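Taking it in order: structure first as structure tokens, then the write-up.
Only a predicted model underlies this, so the values are computations on that prediction, with no experimental measurement involved. The sequence lines fix the lettering, A, B, ..., with proteins before strands; numbering per chain opens at 1.
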2 protein chains.
Amino acid sequence: MKGQDIKNAGLKVTLPRLQVLEFFEKRPGEHFSADDLFTQIRSSSSDIGLATIYRVLNQFEAAGLLIKHQFDNGQSVYELDTGEHHDHMVDVDTGQVIEFFDKELEDLQIQLAKKYGYKLIDHNMVLYVQKEK
Amino acid sequence: MKGQDIKNAGLKVTLPRLQVLEFFEKRPGEHFSADDLFTQIRSSSSDIGLATIYRVLNQFEAAGLLIKHQFDNGQSVYELDTGEHHDHMVDVDTGQVIEFFDKELEDLQIQLAKKYGYKLIDHNMVLYVQKEK
DNA sequence: GTGGGTGCAAATAATTTGCACGGTA
DNA sequence: TACCGTGCAAATTATTTGCACCCAC
């Protein structure tokens, strides 16, 4: 059932938490900022607070339910963690976000870190692209 | 001479601008935040204002003298644009920034964008690493 | 019932902007 | 001298925190 993921994270199953989680589950592969969630959840129903959204997003990120990203525009955005790692391209004209995964790229990064005497912990990679004319 | 780059950018050669540019030129390959510059320039000499630092950094970035980066810690950092593109690794334990360049990685990104029907305009890639024990 | 959770408003942090004064070309 | 540039303080934007009330367990 719905609240199980929340319970597994050691959190009480409350209305705001359910609303945030369902919001992401209904829109797989999409990315939202705290303010997106605040505006949309509030308009469609309850009197949820922006501070609560931020708190819930942080808790869900810590619990591994959501992934946080910082594209080049000041605001952080979140997406559902499906367990399948991928990177992002951002269309500079439309702002559209495209997810992709490339094994060769992943391996290359691990090798690069090793080449400098390090172990790869995480990486952040965004390609800014434009549609070919 | 020193002020030429500033003049070429269509800006007047003023003390704060010279101070910021010289600060970077004396520390090649290093990265600084607006607040780093503010604290260090102010302590060593003049009564430069933080707002001026931000204005000068934005102008220098627009002029191509500096490159702006957003690592995963809220603050933006800047480095001198030497014309030689490179990416960064951040040591998660020490915060140290390591610059690197890998042709294979660059080519792979171009190919990936193309594979999805796009042209690569720019990219942002940071590897978060840890020293191998 | 109790301790965690919530909304609201106030607090922070990073950055930007308005304004009167000051310095460069 | 004309205007751009500057320092300071106030304004913005994104996010966090304090607090009294509320609700899931």
Side-chain angles (χ1 to χ4, degrees), chain A residues 1-23 31-63 65-78, chain B residues 1-23 31-63 65-78:
Chain A
M1 65 151 304
K2 264 311 162 36
Q4 201 54 51
D5 290 333
I6 297 174
K7 209 168 288 178
N8 290 343
L11 301 167
K12 283 188 185 170
V13 179
T14 61
L15 187 55
R17 287 181 180 144
L18 277 171
Q19 287 176 130
V20 169
L21 189 53
E22 283 177 14
F23 191 90
H31 303 70
F32 301 96
S33 67
D35 203 63
D36 291 337
L37 291 161
F38 178 62
T39 307
Q40 299 200 42
I41 293 179
R42 186 167 267 242
S43 77
S44 75
S45 52
S46 72
D47 59 343
I48 195 168
L50 181 54
T52 300
I53 304 257
Y54 276 106
R55 278 183 291 236
V56 171
L57 288 174
N58 284 333
Q59 292 158 347
F60 283 4
E61 189 202 3
L65 294 174
L66 297 178
I67 300 177
K68 182 182 192 171
H69 296 287
Q70 285 254 256
F71 298 144
D72 273 4
N73 62 72
Q75 278 186 141
S76 296
V77 294
Y78 294 80
Chain B
M1 62 150 307
K2 263 309 161 40
Q4 202 52 53
D5 290 332
I6 297 174
K7 210 168 287 180
N8 289 343
L11 301 167
K12 282 186 185 170
V13 179
T14 63
L15 187 57
R17 287 180 181 144
L18 276 171
Q19 287 177 130
V20 169
L21 189 54
E22 283 178 13
F23 190 91
H31 302 70
F32 301 96
S33 67
D35 203 62
D36 291 338
L37 291 161
F38 178 61
T39 307
Q40 298 199 44
I41 292 178
R42 185 167 270 241
S43 78
S44 76
S45 52
S46 73
D47 59 344
I48 194 168
L50 182 54
T52 300
I53 303 257
Y54 276 106
R55 278 183 290 236
V56 170
L57 288 175
N58 284 333
Q59 291 158 347
F60 283 4
E61 190 202 2
L65 294 175
L66 297 178
I67 299 178
K68 181 181 192 171
H69 296 288
Q70 282 256 261
F71 298 144
D72 273 5
N73 63 71
Q75 278 187 142
S76 297
V77 294
Y78 293 80

*Among A:Asp5, A:Leu18, A:Leu21, find the residue that satisfies the side-chain contact (heavy atoms from CB on, under 4.5 Å) test when tested with A:Val13.*
A:Leu18
*Where the side chain of B:Arg42 is defined as all heavy atoms beyond and including C-beta, which of D:dT15, D:dC8, C:dG7 is the nearest nucleotide?*
D:dC8
*Would you kindly give the CG-to-P distance between A:Asp35 and D:dT12, to the nearest whole Å?*
16 Å
_How close do A:Ile53 and A:Ala34 get, counting heavy atoms only, and between which atoms?_
CG2-O, 3.8 Å
*Look at the side-chain N and O atoms of A:Thr52 and state whether any lies under 4.0 Å from the OP1 or OP2 oxygen of C:dG5.*
no
*Whole angstrom is fine here: how far is it from CG in A:Leu37 over to P in D:dT15?*
11 Å
_Is there a side-chain contact between B:Tyr54 and B:Leu37 in this structure, where contact means two heavy atoms from C-beta onward sitting under 4.5 Å apart?_
no
_Does D:dT15 have its OP1 or OP2 closer than 4.0 Å to a side-chain nitrogen or oxygen of A:Ser76?_
yes
*Looking only at side-chain atoms of B:Gln75, point me to the closest of C:dA14, C:dG5, D:dT6.*
C:dA14
_Protein-nucleotide distance (A:Arg17, atom CZ; C:dG5, atom C1'), rounded to Å_ = 6 Å
*Please give, in whole Å, the distance from D:dG5 P to B:Phe60 CZ?*
11 Å
*With respect to the phosphate group of C:dT6, does any side-chain polar atom (N or O) of A:Thr14 fall under 4.0 Å of OP1 or OP2?*
yes
*Return no unless some side-chain N or O of A:Arg55 is found under 4.0 Å from OP1 or OP2 of D:dT16.*
no
*B:Tyr54 side chain: which of C:dT15, D:dG7, C:dA25 is closest?*
C:dT15
*asked:* Distance check needed: C:dT6 P versus A:Leu50 CG, whole Å only.
replied: 14 Å
*Looking only at atom types and distance, does a side-chain atom of B:Arg17 sit under 3.5 Å from a main-chain N or O of B:Lys12, one as donor and one as acceptor?*
yes
*Nearest to the side chain of B:Lys12, which nucleotide is it out of C:dT6, C:dC8, C:dG23?*
C:dG23
*asked:* Quick check on DNA chain C: between B:Lys68 and B:Leu15, whose nearest nucleotide comes earlier from the 5' end?
replied: B:Lys68
*For the pair made of CD1 in A:Ile53 and P in D:dA14, what is the distance, rounded to whole Å?*
15 Å
*asked:* As a test of understanding, state which of B:Leu15, B:Thr52, B:Leu57 forms a side-chain contact (heavy atoms from CB on, under 4.5 Å) with B:Val20.
replied: B:Leu57
*Rounded to the nearest Å, what distance is computed from the CZ atom of residue B:Phe38 to the P atom of nucleotide D:dA9?*
11 Å
*Tell me: CD of B:Gln59 to C1' of D:dC4, nearest whole Å?*
10 Å
*Would you indicate which nucleotide in D:dG5, D:dG7, C:dA9 comes nearest to any side-chain atom of A:Ala51?*
C:dA9
